[in-house]
Amino acid sequence: MENEQVVKSQGLPQGFVWGAVKAGIKASGNADVAVAVAAKGANGAAMFTKNQVVAAPVTVGRRHIASTGGRVSVVLVNAGNANCATGQPGVDACVQTCVAAAETFHCIFDEIFPSSTGIIGVPFPAEKVVTALPELERVMGATPEHADSFARAIMTTDTKMKVARASIDVDGVEVRIFGVAKGAGMIHPQLGAPVGPAHATMLVYLFSDIAAESEPLRRLLEPAVERSFNSISIDGDTSTNDTVLLLASGASGVKLDARTQEPFANALKLVCGSLAYQIVDDGEGVEHVVTLHITGARTEAEAKQVAKAIAHSPLCKTAWSSADPNWGRLLAAAGYSGVVFDPSLVNITIGSQPVFELGVRSAAFQESAAHTEMQARDYTITIDLGLGEAECRFLTCDLTEEYVRINADYST
């Protein structure tokens, strides 16, 4: 398309301000309550965890998105307490913070979108969030520093903030997307639509200044999430709080329509892909980021099913931590994935090294060369099932002693 091109952007979308303060929720004493405010409101689409156990802000957030038809004025996030498994008192506490935020930022109650991340099962200190709101109103701003303060405040076991930007040019007008994420453990998102079957946490907020209604945004968000956040795993644990929210302020004046939909969708995928990679790259104790490229499958769903079995195998993940090219573990995990295939048709490559070909160890297999490939920070394992044309890429990582240490001591 002429005049539209996706590029990485340093600018922030118009129509939003961000801020963060210390409310005393995090034991570290770092900033732990953050807001993003769309002064004129924004239209949004959200996807939430499919875990049957959900945190209070997921319950309230689903309710608010449904009641407003996707209209959001304030994103209110706290870190240090997940407000999960806290019963009706937890829901009441979440509602209390939304009521106070609506009064502070001058919008209607259910245009507040709440999120929480942190430890599960601890009573939620709503009073700390409420007390922090006046200061949040004072410190908000639209500069990169304000946006970065939001990104840092929502961190828990993360070691670095996770942000990504992209933009498209439409007849000389720049339309921007700014994405913020947190997550380093308890990461195996299984996100679905907010209505219907469908400790640490993955939280993702995508801000844009395009003009769009909620339903078209949802149609673009779902495929972007499926190929990014729904295609990563650090430890196979699906959080109770996982949330992805896409907001459009309309402040650019450019409409999402037949002409702009494709470039905007590409920019959205770029931002989601970057954030998904950053989450795995910052995984708790991670030393190796592994891309599982499953090819030759009958369907993309079956390819992903094989990838998940391998990504969640402790035997595979511990082998990766020591760069051990134990391809038998890969094959075994694929074999119990539930996908029917013939091992005599399968080929496995680690990096550039063939290790398994058509039912037996490859004649070209060189253990030392494969070991060297696996010493890299990033590498790809390709498994061709020999069944069809479908494929997927699934991002995962190794399992190290540091991961065990972090999570053995998380609540104490």
Side-chain donor/acceptor pairs under 3.5 Å, residues 121-136, sequence neighbours excluded:
unit_1	atom_1	unit_2	atom_2	d
Lys128	NZ	Gly24	O	2.9
Thr131	OG1	Glu127	O	2.7

Check for a donor-acceptor pair, side chain of Thr349 on one end and backbone N or O of Ser352 on the other, with a separation under 3.5 Å. no
If every non-hydrogen atom of Asn83 is compared with every non-hydrogen atom of Gly90, which pair is closest and at what distance? ND2-O, 3.1 Å
Set of residues satisfying side-chain hydrogen bond (donor to acceptor under 3.5 Å, both in side chains) with respect to Glu213, sequence neighbours excluded: none
Phe113 and Val72 have their tightest heavy-atom pair at CB-CG1, 4.0 Å
Using atom types as modelled, flag every donor-acceptor pair under 3.5 Å from a side chain in residues 96-106 to any protein atom, sequence neighbours excluded.
unit_1	atom_1	unit_2	atom_2	d
Thr97	OG1	Cys94	O	2.6
Thr104	OG1	Ala100	O	2.9
His106	NE2	Thr104	O	3.3

Please enumerate all residues that pass salt bridge (charged side-chain N to carboxylate O under 4.0 Å, His left out) together with Arg219, with sequence neighbours excluded. Glu215
The salt bridge (charged side-chain N to carboxylate O under 4.0 Å, His left out) partners of Arg377 (sequence neighbours excluded) come to Asp281
Distance-only criterion, 3.5 Å: show the donor-acceptor pairs between side-chain atoms of residues 202-211 and protein atoms not counting sequence neighbours.
unit_1	atom_1	unit_2	atom_2	d
Tyr205	OH	Ser115	OG	2.8
Ser208	OG	Arg176	O	3.2
Ser208	OG	Ile210	N	3.1
Asp209	OD1	Arg176	N	2.9
Asp209	OD2	Gln14	N	3.0

Using modelled atom types and a 3.5 Å cut-off, is there a donor and acceptor pairing between side-chain atoms of Arg298 and backbone atoms of Val340? yes
Pairs in or reaching into residues 320-337: which pass side-chain hydrogen bond (donor to acceptor under 3.5 Å, both in side chains), with residues at least two apart or in two chains? none
Closest heavy-atom pair and its distance - Val254, Thr260: CG1-CG2, 4.0 Å
Cut-off 3.5 Å, no hydrogens considered: what does the side-chain donor-acceptor table look like for residues 39-48, sequence neighbours left out?
unit_1	atom_1	unit_2	atom_2	d
Asn43	OD1	Arg71	NH1	3.1
Asn43	ND2	Ala212	O	2.9

Glu300: which residues meet the salt bridge (charged side-chain N to carboxylate O under 4.0 Å, His left out) condition with it, sequence neighbours left out? Arg227
How would you list all residue pairs meeting side-chain hydrogen bond (donor to acceptor under 3.5 Å, both in side chains) that involve residues 16-36, not counting sequence neighbours? Ser28-Asn30
Residues 378-388 side chain polar contacts: donor-acceptor under 3.5 Å, at least two apart:
unit_1	atom_1	unit_2	atom_2	d
Asp378	OD1	Tyr277	OH	3.1
Asp378	OD2	Tyr277	OH	2.6
Asp384	OD1	Gly386	N	2.8

Return the set of residues passing salt bridge (charged side-chain N to carboxylate O under 4.0 Å, His left out) with Glu373 (not counting sequence neighbours), or none when no residue passes. none
Which pair of non-hydrogen atoms, one from Ala85 and one from Ile120, has the smallest distance, and what is that distance? CB-CG2, 4.0 Å
